[in-house]
Peer 1: 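Below you will find the structure I want to go over with you.
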Amino acid sequence: MKLIYVIVRNVDSSRVMEGLNKQGFYVTKLASTGGFLREGNTTLMIGTEEEKVEEVISVVKKECGPRQQIISNPVGPAEYTSMQVLVNVGGATIFVMDVDRFEKI
Amino acid sequence: MKLIYVIVRNVDSSRVMEGLNKQGFYVTKLASTGGFLREGNTTLMIGTEEEKVEEVISVVKKECGPRQQIISNPVGPAEYTSMQVLVNVGGATIFVMDVDRFEKI
Amino acid sequence: MKLIYVIVRNVDSSRVMEGLNKQGFYVTKLASTGGFLREGNTTLMIGTEEEKVEEVISVVKKECGPRQQIISNPVGPAEYTSMQVLVNVGGATIFVMDVDRFEKI
Ligand code: NI
Ligand code: NI
Ligand code: NI
């Protein structure tokens, strides 16, 4: 058994949780601030068998892999004046920990 | 030294915390949502010596083992109209993790 | 790779976080209550290489080692009536956990 911590940006957390739930993983979301990523982030905790660790990591990569997004920022008082900027989104920090003993009561 | 995570339903968390405190265990309660159990849940973190892990687990079993409860649900506008329903309560998920190094400063 | 949990009093948490950030450590702060220390506390989570665990622990010791502080408590209705009391501040509980696998995506 393994316990996996996934730290993602707040904006990515529901996508990642839904993606993991769809594959049958239970996810506990810990309230957290600061951290491994610069912006607001969320810590997710997933307990799973060794042989499914790879699957958890690939769901996280699929749902919140780092990518660039074009965002239109209004720059003037009129709505039709805007500037397109490239921002980095996504990214995650993952820690896989060994579980000595697991009990479901 | 071991670090134990106990995930319980919100309604069971104070019982479990009190039970553990009475036996001399310090419990840190992490704010959490979603998770291993279907309803709202709480994650408790307990640090303890190897030889007391069994005691922690038996307190948790005693305080929130799964059981069925008869609940009277009012079903009509009048208070004396109610329906008795059997609901599942209790249950917990426990992860025992090995601690490499422990410091109290 | 190691994952370190540091549980400190709420009043000490920003000092410890700033001290760790200054040394280049990322710190995730988990919302927590109750616990290893008697008063309100905060759980910090730090991921780091084995060889830097010592540095994390010494920053924590420096920033929130246990010490006594003289506090002036107003004891009467007039502001100039106060009593000096010695209180214990600082202190921390540290758990160092081994990380099986670490991914930054
Ligand atoms: Ni295992
Ligand atoms: Ni030990
Ligand atoms: Ni390592």
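Numbered from 1 within each chain, the chains take letters A, B, ... in sequence-line order.
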Peer 1: Would you check, one step at a time, whether the test side chain to side chain contact (heavy atoms under 4.5 Å, CB included) holds for A:Ile7 with C:Met45?
Peer 2: CA-CA 11 Å; A:Ile7 298 144; C:Met45 196 164 86; 3.7 Å; yes

Peer 1: Against chain C, label A:Val53 side chain, backbone, both or neither, depending on which of its atoms sit under 4.5 Å from a heavy atom there.
Peer 2: side chain

Peer 1: With side chains defined as the heavy atoms from C-beta onward, is the minimum distance between A:Ile94 and C:Lys104 less than 4.5 Å?
Peer 2: no

Peer 1: Rounded to the nearest 0.5 Å, how far apart are CG of A:Leu30 and NZ of C:Lys29?
Peer 2: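 A:Leu30 CG to C:Lys29 NZ: 15.0 Å, rounded to 0.5 Å.
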
Peer 1: For C:Arg101 and A:Ile57: C-alpha separation, side-chain torsions, deciding distance, then whether side chain to side chain contact (heavy atoms under 4.5 Å, CB included) applies.
Peer 2: CA-CA 11 Å; C:Arg101 183 172 163 185; A:Ile57 293 176; 3.5 Å; yes

Peer 1: How about CD1 on C:Ile70, more than 12 heavy atoms from neighbouring residues, nucleotides or ligands closer than 6.0 Å, or not?
Peer 2: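 Incorrect, the count does not exceed 12.
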
Peer 1: Would you check if A:Thr93 and C:Phe102 make a side-chain contact, meaning some heavy-atom pair closer than 4.5 Å?
Peer 2: yes

Peer 1: Which residue is it: C:Asp98, C:Asp100, C:Val99? I am looking for the one with a side chain to side chain contact (heavy atoms under 4.5 Å, CB included) to A:Met97.
Peer 2: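 With A:Met97 as partner, side chain to side chain contact (heavy atoms under 4.5 Å, CB included) holds for just one option, C:Val99.
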
